Protein chains: 2
Amino acid sequence: MTRHEKHFSSNKEKEFEFTCRKHGLSLTIQRRAILENLAGRTDHPTADQIYDAVKEHLKGVSKTTVYRVLETLVNFGLARKVNNPEAKARFDADTSRHHHLTCITCGAVLDIHAQQLNRLSFPEELHGDVEFIDYSINFNGRCPACLKKSGAKNTE
Amino acid sequence: MTRHEKHFSSNKEKEFEFTCRKHGLSLTIQRRAILENLAGRTDHPTADQIYDAVKEHLKGVSKTTVYRVLETLVNFGLARKVNNPEAKARFDADTSRHHHLTCITCGAVLDIHAQQLNRLSFPEELHGDVEFIDYSINFNGRCPACLKKSGAKNTE
DNA sequence: AAATATTTGACATTTATTACCATTTGCAAT
DNA sequence: ATTGCAAATGGTAATAAATGTCAAATATTT
């Protein structure tokens with residue numbers, strides 16, 4: 001499957017349609033296009049970045065709509081906001097448990113998939129006080145591109 | 001030591017003075033007051049929240065200065081930005097390895113200290129491709145206050 | 001195809017952050 | 001302590017990110 005396939009992952013598409021019908025949400029082309037774009041990339045884009053990508057295909061989309069649709073997708077579990085230190089929201093259509101590496105050099109956010117990291121147990125001593133639902137690990141370090149550019153070790 | 005002591009943790013104060021001298025930064029009362037405030041709280045405040053707190057003692061502080069000083073503190077390793085999903089920066093003067101719980105109900109960000117979580121090994125299979133420096137786990141769930149208010153289980 | 005409920009697009013507004021620059025302050029050298 | 005200069009601050013303006021409003025457009029139901 002290529003990055004530019006016209007229709008997005010049928011899994012996600014089915015989930016989208018199911019969720020919309022379940023909650024009485026209209027299946028609009030804007031929602032479909034925005035989720036399709038988000039699901040087709042792994043760079044954890046901001047709303048603006050999605051807007052830039054989506055406006056090519058959907059002439060006349062409003063930025064307001066992009067923000068609103070993303071909020072809707074998050075509210076209904078079709079996407080998540082990625083934990084990050086910057087002052088802007090980043091989105092991810094992959095709602096399964098996985099982790100991220102934020103590059104200290106370029107700021108890119110990469111997915112880290114590793115079975116061993118998906119089975120952490122919640123701290124026993126806090127059970128009862130707090131309720132744990134899920135977790136995600138944020139690594140910081142350097143991405144392949146930046147690592148390559150600067151030789152092996154940090155040169156700062 | 002109480003939460004409202006006039007002078008902040010001498011450890012942090014010493015670190016502050018050492019770091020400033022090391023890098024030729026002036027020891028201004030603004031920097032001192034802002035770091036003192038940040039170090040004296042565990043709620044991972046935004047720049048605005050720090051401004052609100054600090055302006056009581058430091059009449060005439062500029063919001064610009066608060067933003068600027070926080071950026072400086074982060075740049076020189078005296079504070080960190082906390083990974084979070086919101087579209088604003090949150091700060092933490094605790095730069096040691098620890099983790100956070102974000103309450104899905106009220107949005108509060110709590111510290112999670114647990115030895116068992118501090119010794120994760122970085123994914124072997126990615127060594128060489130990426131450089132891992134540190135990590136922080138973001139739990140989501142519910143904080144003690146919200147858990148108490150709503151009985152045992154989620155009532156949404 | 002018509003009726004109705006929902007969503008969108010355009011604009012206005014708020015919130016968060018950064019840029020700019022004249023004034024002030026910290027600090028080192030008298 | 002006083003001077004001189006580099007560095008930082010404060011105030012204002014500008015930019016960026018996100019949200020609110022509402023009439024027009026679209027999806028869904030009938």
Side-chain angles (χ1 to χ4, degrees), chain A residues 13 16-35 37-38 44-76 78-79 81-91 107, chain B residues 16-38 44-76 78-79 81-91 107:
Chain A
E13 189 171 17
F16 168 67
E17 293 175 358
F18 178 81
T19 301
C20 286
R21 296 217 166 86
K22 178 176 171 185
H23 295 99
L25 300 174
S26 298
L27 290 158
T28 68
I29 53 175
Q30 289 85 348
R31 284 179 179 153
R32 200 179 285 271
I34 289 166
L35 180 55
N37 181 262
L38 183 59
H44 314 89
T46 64
D48 258 28
Q49 291 175 314
I50 293 172
Y51 170 70
D52 283 340
V54 149
K55 72 181 173 193
E56 307 297 331
H57 305 282
L58 258 187
K59 55 166 182 137
V61 226
S62 164
K63 196 174 279 193
T64 304
T65 296
V66 174
Y67 274 92
R68 199 166 26 198
V69 165
L70 287 169
E71 201 61 35
T72 301
L73 296 177
V74 169
N75 286 341
F76 290 97
L78 290 161
K81 291 186 182 179
V82 179
N83 289 306
N84 77 298
E86 301 167 297
K88 50 192 152 187
R90 290 190 168 276
F91 297 87
Chain B
F16 168 65
E17 294 174 357
F18 177 81
T19 300
C20 285
R21 296 219 165 85
K22 179 175 171 188
H23 294 98
L25 299 174
S26 299
L27 290 157
T28 68
I29 53 176
Q30 290 86 349
R31 284 179 178 154
R32 201 178 284 272
I34 289 165
L35 181 55
E36 171 178 3
N37 179 263
L38 182 60
H44 314 89
T46 63
D48 258 27
Q49 291 175 315
I50 293 173
Y51 171 70
D52 284 340
V54 148
K55 71 181 175 195
E56 308 296 332
H57 307 282
L58 256 188
K59 56 166 181 135
V61 228
S62 165
K63 195 174 282 192
T64 303
T65 297
V66 174
Y67 275 91
R68 200 168 22 199
V69 165
L70 287 169
E71 201 62 34
T72 301
L73 295 177
V74 169
N75 286 340
F76 289 97
L78 290 162
K81 291 186 182 179
V82 179
N83 289 306
N84 76 299
E86 300 167 297
K88 49 192 150 188
R90 290 189 168 276
F91 297 88

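This structure is a prediction, so every number in the text was calculated from the model and none was measured.
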* Sugar-phosphate only, base, or nothing, as touched by B:Ser26 at under 4.0 Å among non-hydrogen atoms -> sugar-phosphate
* To do: Report the distance from atom CG of A:Leu58 to atom P of D:dA25, rounded to the nearest whole Å.
  => 17 Å
* **OP1 or OP2 of D:dT19 under 4.0 Å from side-chain N/O of A:Tyr67** => no
* Counting side-chain heavy atoms from CB outward, which of D:dT19, D:dA17, D:dG10 is closest to B:Ala87? -> D:dA17
* Asked: Whole Å only: how far is the NZ atom of B:Lys63 from the C1' atom of D:dT15?
  -> 16 Å
* Could you please name the option among D:dT9, D:dA8, D:dG10 that lies closest to any side-chain atom of B:Val69? => D:dT9
* **Test side chain to side chain contact (heavy atoms under 4.5 Å, CB included) applied to A:Gln49 and A:Arg90, A:His44, A:Lys88, the passing residue** => A:Arg90
* Does a side-chain N-to-carboxylate-O contact under 4.0 Å join B:Arg31 and B:Glu17? -> no
* To do: Name the nucleic acid region contacted by A:Thr28, choosing base, sugar-phosphate or nothing; use a 4.0 angstrom heavy-atom cut-off, strictly under.
  => sugar-phosphate
* **Boundaries of the chain A footprint along DNA chain C (any atom under 4.0 Å from a heavy atom)** => C:dT6 to C:dT17
* Tell me which of B:Arg68 and B:Leu27 sits closer to the 5' end of DNA chain C, going by the nucleotide each one is nearest to. => B:Arg68
* Atom-pair distance (NZ on B:Lys59; P on D:dG11), nearest Å -> 11 Å
* Asked: Taking OH from B:Tyr51 and P from D:dG10, how many angstroms apart are they, rounded to a whole number?
  -> 10 Å
* To do: Determine the contact category for A:Arg31: base if any of its heavy atoms lies under 4.0 Å from a base atom, sugar-phosphate if only primed atoms, P, OP1 or OP2 are that close, otherwise nothing.
  => sugar-phosphate
* To do: Starting from the 5' end of DNA chain D, give me the residue, B:Glu86 or B:Val66, whose nearest nucleotide shows up first.
  => B:Val66
* Asked: Given atom CD1 of A:Ile50 and atom C1' of D:dA18, what is their separation to the nearest angstrom?
  -> 14 Å
* Could you check B:Ile29 against B:Asp48 and say which one's nearest nucleotide on DNA chain C is further toward the 5' end? => B:Asp48
